[in-house]
Asks: 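My questions all concern the structure below.
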Amino acid sequence: MNRYAVICSTVRRIPRGRVATYGQIAELAGLAGHARQVGYALHHLPERSDVPWHRVVNARGEISPRSVGDSHELQRMLLEAEGVEFDLRGRVDLKRFRCHLAIRPSATARRR
DNA sequence: ATAGTGACTGGAA
DNA sequence: CTTCCAGCCACTA
C-alpha cells in the first residue's frame, strides 16, 4: 500500500455532491500536514480513474490553479453537475459543501 | 546524490 | 471579511 493508493482510497470516500480540502484528505489518509502530497497523487491519476478527484479543492474552497493542463475547467463542470455551487469568485462555500468524514483509525491497514 | 518545484496551508497584513 | 507570503517537505528531474 503506497502513499498514493492510500490517498486515492480516501478521495473515493468523498460523497457525491460534496467536496473536501487537500489538507482534509491528507489528514484522513493518515498524512496530516502533507496536503501537497495529495495534489501530487491526484496529478498522477490516470484519466479514466474512478477516483472522484474533482471533489478535492483547496482550503479556500477554490479549485486549485494548475501549472499545466485545463482540468480545472472540467473539475468545475463535474462539481456543478453534482449540485455543488460556486459563488461569483469561483469558490465553493465550504460551510455548506464540505464533507464531514471521520478519520479512519489505521487508514492504511483497514480491517486486518 | 543535490537542487528546484508545487492540484497546499495557516498566519500575517 | 480579503489577499499575500514564508514555510513546508515529498516528489521530479
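Fair warning: this is a prediction, and the values are worked out from it, not measured in the lab. Proteins get letters first, then strands, A, B, ... in listed order; numbering begins at 1 in each.
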Asks: Does A:Q37 have any side chain to side chain donor-acceptor pair (under 3.5 Å) partners at least two apart in sequence or in another chain, and if so, which?
Replies: none

Asks: For A:F86, does the six-membered ring have the charged nitrogen or CZ of A:R91 within the cation-pi criterion, i.e. under 6.0 angstrom from the centroid and within 45° of the normal?
Replies: no

Asks: Using a strict cut-off of less than 4.0 Å between a Lys/Arg side-chain nitrogen and an Asp/Glu carboxylate oxygen, indicate whether A:R18 and A:E82 qualify as a salt bridge.
Replies: no

Asks: Determine, for nucleotides 5-13 of chain C in 5'-to-3' order, which nucleotides have protein heavy atoms under 4.0 Å from the base (write B), from only the sugar-phosphate (write S), or from neither (write -).
Replies: B-BB-BSS-

Asks: I'd like to check the ring pair (Phe, Tyr, Trp, His ring centres under 6.0 Å) partners of A:Y40; sequence neighbours left out, ordered by chain and number.
Replies: none

Asks: Taking A:R89 first and then A:E62, would you say they form a salt bridge - that is, a charged N and a carboxylate O separated by under 4.0 Å?
Replies: no

Asks: Kindly state which residues belonging to residues 70-94 of chain A come within less than 4.0 angstrom of DNA chain C, counting heavy atoms of the residue only, listed by number.
Replies: A:R89, A:R91

Asks: For residues A:R12 and A:D50, determine if any side-chain heavy atom of one lies less than 4.5 Å from a side-chain heavy atom of the other.
Replies: yes

Asks: Would you please say whether a donor-acceptor pair under 3.5 Å links the side chains of A:R66 and A:S71?
Replies: yes

Asks: Is any side-chain heavy atom of A:R3 closer than 4.5 Å to a side-chain heavy atom of A:L31?
Replies: yes

Asks: Identify, with sequence neighbours excluded, every residue that meets ring pair (Phe, Tyr, Trp, His ring centres under 6.0 Å) alongside A:H43.
Replies: none

Asks: On DNA chain B, reading 5' to 3', which nucleotide is the first and which the last to sit with an atom under 4.0 Å from a heavy atom of chain A, could you check?
Replies: B:dT5 to B:dG10

Asks: Roughly how far, to the nearest 0.5 Å, is the CG atom of A:N58 from the CD atom of A:Q24?
Replies: 12.5 Å

